[in-house]
Amino acid sequence: MAYNVGVRAGGGLIPDHYEEIRKLNTISFADLKLAPEILKALAESGYTTPTPIQAQAIPLVLEGCDLMAGAQTGTGKTAAFVLPMLQKFLPHASSSASPARHPVRALILVPTRELAIQVEESVKTYAKHCKLRSLVVFGGVDIKTQTPHLKTGVEILVATPGRLLDHIEMKSVQFNQVQMLVLDEADRMLDMGFMPDLKRILALLPKQRQNLMFSATFSNEIKKLSAEFLTKPKLIEVARSNATAENVTQKVYLVEQADKHVLLAQLLRGSDASQVLVFTKTKLTAGRLAKQLQKEGVAADAIHGDKTQLERIKALDAFKQGTVTVLIGTDVAARGLDIDQLPMVINYEIPRAPEDYIHRIGRTGRAGASGKAISLVSPEEEKYLKEIEKLIKCEIEKETAVVPRHAAKSERAPRGEHPERSHAPRSEHPERSRGPRPAAPKKSSHDPWFDKPYEPSGSATPVKQPDQPESKPKKEVAAIFVRRPS
Ligand code: AMP
């Protein structure tokens, strides 16, 4: 598989790196001298060619170097640290049941529970033929269910910082054999205020160890963190720190805030995408949008901090299985989600921190696949859009979306804004949506739906029964898209 992602500078590839990238794209996992047990697991996963981050990181980690890796999610960064980690610990593999034979040798710290689960799933996949144990611990679930597993002994421990500190306090884990520390999504750990927790944990680890740090962005704080925790690190970067994946098509619809949920429903109905991840600014909006879409017949669910861990895992599983096709989440909840071949991400609200835009759209177009990232931007949000464009150093294609009540008004839509003459792409054209068309929600300049108090997931608004009278007949709405004059 060939990858577009390479060592980049500014808008294009540095000529000196062409050869390097060509080489990176043609080597195989076998060339990296990985053990047969690991190669077998990779082959079973269908992976033969390392991604650029893997091709660069694996030899350095095997040599024992500390690493500061700039790689956004979707580049294959997890395998970049897990594969050499397994290779290094293979001599310690043991089928003995004794916990003493399975001390913690590697600690992988991640910012969120979802990422923790996914990283450990990857460890299990790649370690399938190695007699090395792994475990994931994260908050939000009963700590007592984790302790017995920890006590049986695990070589590779994936953890969120807070829960790990709880286990440390309960003395259910020992770190005297830790040889390798990974800080994954380090930038997000800092954003989430984990620095004090990280310092406490790191102070408990043996001084002699290998440290690997992965971050999507290279802020000054990250550089400081790297200076503090890494020893003479090798620096690798597969895409410029603030670059978005090249295989993601980005698009902006300029739309009034009050029209967004109508537009979203139409985009979803008109889309061919089998799975869509939708980002909102708040968990309140995520929850409401999910309920609204469910009422309209869309298989949607929300994943946010007010849901229990079990609900979040269930929603994520349903999304991965395809029974839920639209998953709505906030930045924190959706961080680290790794869904193979996720074709589309929609920013219902664009993030205030421009780096979050990179993280969000990094959910699609992973490991060389193509993806689509759509952002719905209200006039109030245009200033944040400018910041994003400044960061990614490119202007995103824009269209204005108008959501008229054409059934209510008899006047003709102005030329160029008529739904039938829309410039909307085929797959997004509201008039050409596939399947039964759910009733469109009522449009008003101010959307009262957003003023309703938050309803926790347990008390879902009952879906109206067909024989219940409507308080007001719903009006037909349509979105029409007009290319923005440049
Ligand atoms: P990550 O950046 O670690 O979140 O990985 C993104 C996705 O790429 C995951 O779904 C991996 O399973 C997949 N992946 C990892 N390594 C490879 C590879 N060498 N070839 C193809 N896909 C890969």
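For the numbers below, each heavy atom of this structure counts, side chains included, while hydrogens, waters and symmetry mates do not. If you're wondering where the values come from, they're calculated on a predicted model, not measured in any experiment.
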*asked:* Before you tell me yes or no, could you show the steps for Q292 and E296 under side chain to side chain donor-acceptor pair (under 3.5 Å), namely the whole-Å CA-CA distance, both residues' side-chain angles and the distance that decides it to 0.1 Å?
replied: CA-CA 6 Å; Q292 181 73 17; E296 293 173 13; 3.1 Å; yes
*Full working for side chain to side chain contact (heavy atoms under 4.5 Å, CB included) between V104 and V154*: CA-CA 5 Å; V104 179; V154 293; 4.3 Å; yes
Salt bridge check, [Y] against [X]: does any charged N sit closer than 4.0 Å to a carboxylate O?
X	Y	result
E381	K260	yes
K131	E37	no
D191	R188	yes
K390	E387	yes
R133	E155	no
K77	D184	yes
E120	K124	yes
K281	E380	no

*Quick one: side chain to side chain donor-acceptor pair (under 3.5 Å) pairs with a partner in residues 162-175, sequence neighbours left out?*
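Those involving residues 162-175 are Q146-R163, Q146-H167, R163-D166, H167-S172, E169-R200.
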Using every non-hydrogen atom in the two residues, find where [X] and [Y] come nearest and quote the distance to one decimal.
X	Y	result
E389	I396	OE2-N, 2.8 Å
I388	Y357	CG2-CD2, 3.4 Å
G76	T51	CA-OG1, 4.1 Å
P84	A79	CD-O, 3.8 Å
A302	A286	CB-O, 3.7 Å
T145	D142	OG1-O, 2.6 Å

*Run through L183, L181, L67 and flag the one making a side chain to side chain contact (heavy atoms under 4.5 Å, CB included) with L212.*
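Output: one option passes, namely L67.
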Taking the side chain from [X] and the backbone from [Y], do they hold a donor-acceptor pair closer than 3.5 Å?
X	Y	result
R113	P111	no
Q87	K33	yes
D66	L230	no

*In this structure, are over 12 heavy atoms from other groups packed under 6.0 Å from E44 atom CD?*
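Enclosed: over 12 neighbouring heavy atoms sit under 6.0 Å from CD of E44.
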*From CD (Q210) to CG (L60), nearest 0.5 Å*: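 Reported value, rounded in 0.5 Å steps: 9.5 Å.
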_Does either side chain, that of T323 or that of Q321, offer a donor lying less than 3.5 Å from an acceptor on the other one?_
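Result is no, nothing qualifies.
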*Donor-acceptor side-chain pairing of Q179 and K88 below 3.5 angstrom*: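 Not at all, the side chains of Q179 and K88 share no donor-acceptor pair under 3.5 Å.
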*Just jot down the side-chain contact (heavy atoms from CB on, under 4.5 Å) partners of F29, sequence neighbours excluded, or say none.*
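Per chain and number, F29 pairs via side-chain contact (heavy atoms from CB on, under 4.5 Å) with L32, L34, L39, L42, Y47, P50, Q54, I58, L83.
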*Set of residues satisfying side-chain contact (heavy atoms from CB on, under 4.5 Å) with respect to S96, sequence neighbours excluded*: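 Expected list: S94, S98, R101.
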